[in-house]
Amino acid sequence: MARAQRARIRTAGLQPAQVLAGLSSLAFLVFGIVGFTRTGFADFAGRSDATVLGFSVNPLYNLGFVVLGAIGLLLTFGSGRSRVFGFLTFAAFGALFVWGLMIVGTVSTNPVSEAGNPFNLNGPDNWLHLGLAALGLVIAFLPARHKVLLPEDEEETVVADRADSATAVEPLPDTSRRPKHGKGPTAAREERPPGLAH
């Protein structure tokens, strides 16, 4: 019972959130780069008829995917950072989803109507953004794989480290200061004067 209470739990190895964040980041990069091949860089935030996989794109929209993909690749080198990327993905695409609903008229009043449509959003884009926002939440809350570390595992590691770093040396016994009563019978015979009887 005491062993279970003293055991520590640590994350172990490559986490599922890191894998999913890395794959998503690569997909965002590819989508953005392919979008640039369709739109070029002219009319950066304007309306464009170019599409990628049926979704309308423009250079600003492509740049958003490239930037988010690059940030995601940088954040995949840690479990916690991958979850930050998940929250970032949820926030970015959740905002685009709500904005897209206002642009296509699903929401009756559009408080940002004067901003126009710089990302060239349409109906199919809204469903894409909803799905990507959900993906961000999955990355953020995906359970981590853990390893239970028992106390004896830690002790073995510490002992192994000490054995590698220092060699134990035992002192030799000091034979020069033996008391007389500790001498053996052979040594006592040798110290008697030669004329005495044994």
Side-chain angles (χ1 to χ4, degrees), residues 9-148:
I9 299 175
R10 291 185 175 175
T11 55
L14 190 66
Q15 298 298 315
Q18 290 176 262
V19 174
L20 193 53
L23 293 174
S24 303
S25 301
L26 285 174
F28 293 164
L29 272 175
V30 170
F31 187 90
I33 291 169
V34 170
F36 274 122
T37 63
R38 301 286 175 88
T39 62
F41 294 92
D43 197 11
F44 202 74
R47 176 154 182 82
S48 172
D49 293 330
T51 61
V52 175
L53 300 175
F55 303 106
S56 62
V57 294
N58 70 359
L60 180 61
Y61 190 71
N62 299 332
L63 180 64
F65 269 94
V66 169
V67 168
L68 189 62
I71 291 172
L73 286 179
L74 293 175
L75 292 177
T76 55
F77 295 103
S79 177
R81 286 179 279 191
S82 297
R83 296 176 194 286
V84 169
F85 171 71
F87 284 116
L88 181 64
T89 301
F90 169 73
F93 288 110
L96 282 176
F97 171 68
V98 173
W99 195 357
L101 291 179
M102 291 187 286
I103 285 175
V104 299
T106 306
V107 177
S108 57
T109 59
N110 185 357
V112 291
S113 58
E114 61 275 0
N117 189 3
F119 291 102
N120 197 26
L121 303 177
N122 60 14
D125 289 339
N126 291 338
W127 295 111
L128 172 67
H129 299 154
L130 179 62
L132 293 178
L135 174 66
L137 280 181
V138 169
I139 294 171
F141 292 106
L142 201 61
R145 290 183 300 151
H146 293 94
K147 177 181 181 183
V148 177

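What you are looking at is a predicted structure, and each value in this text was computed from that prediction instead of being measured.
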Look up atom [atom1] in [X] and atom [atom2] in [Y], then write down how far apart they are to the nearest 0.5 Å.
X   : Y    : atom1 : atom2 : value
F55 : N126 : CZ    : CG    : 10.5 Å
N58 : N117 : CG    : CG    : 8.0 Å
F87 : L137 : CZ    : CG    : 7.5 Å

Suppose we screen for side-chain contact (heavy atoms from CB on, under 4.5 Å). Which residues come up paired with [X], at least two apart in sequence or across chains?
X    : value
V84  : L75
V138 : L20, L142
L88  : L68, I71

Identify the two heavy atoms, one from [X] and one from [Y], that lie closest to each other, and give their separation to 0.1 Å.
X    : Y    : value
A133 : G94  : CB-N, 3.8 Å
P143 : P16  : O-CG, 4.0 Å
L135 : S24  : CD2-OG, 3.4 Å
N122 : P124 : OD1-CD, 3.3 Å

Item to check | F36/I33 under side chain to side chain contact (heavy atoms under 4.5 Å, CB included): CA gap, chis, key distance, verdict | outcome: CA-CA 5 Å; F36 274 122; I33 291 169; 5.5 Å; no

Which residues pass the ring-ring contact (aromatic ring centres under 6.0 Å, His included) test with [X], sequence neighbours left out?
X    : answer
F119 : W99
F65  : F28, F31, Y61, F93
F77  : none

Next on the checklist: Using the rule given for side chain to side chain contact (heavy atoms under 4.5 Å, CB included), can you reason through I139 versus F85, listing the C-alpha separation, both sets of side-chain angles and the distance that settles it, and then say yes or no?
Outcome noted: CA-CA 8 Å; I139 294 171; F85 171 71; 4.2 Å; yes

Next on the checklist: Show every side chain to side chain donor-acceptor pair (under 3.5 Å) that has at least one partner inside residues 80-98, sequence neighbours left out.
Outcome noted: none

Report all side-chain donor-acceptor pairs from residues 41-54 shorter than 3.5 Å, counting only partners two or more places apart or in another chain.
unit_1: R47; atom_1: NH1; unit_2: N120; atom_2: OD1; d: 3.2
unit_1: S48; atom_1: OG; unit_2: A50; atom_2: N; d: 3.1

Item to check | Residue list, side-chain hydrogen bond (donor to acceptor under 3.5 Å, both in side chains) with T39, at least two apart or on another chain | outcome: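 N62.
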
Item to check | Non-neighbouring partners of D125 that pass side-chain hydrogen bond (donor to acceptor under 3.5 Å, both in side chains), sequence neighbours left out | outcome: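 Only S56 meet the side-chain hydrogen bond (donor to acceptor under 3.5 Å, both in side chains) criterion with D125.
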
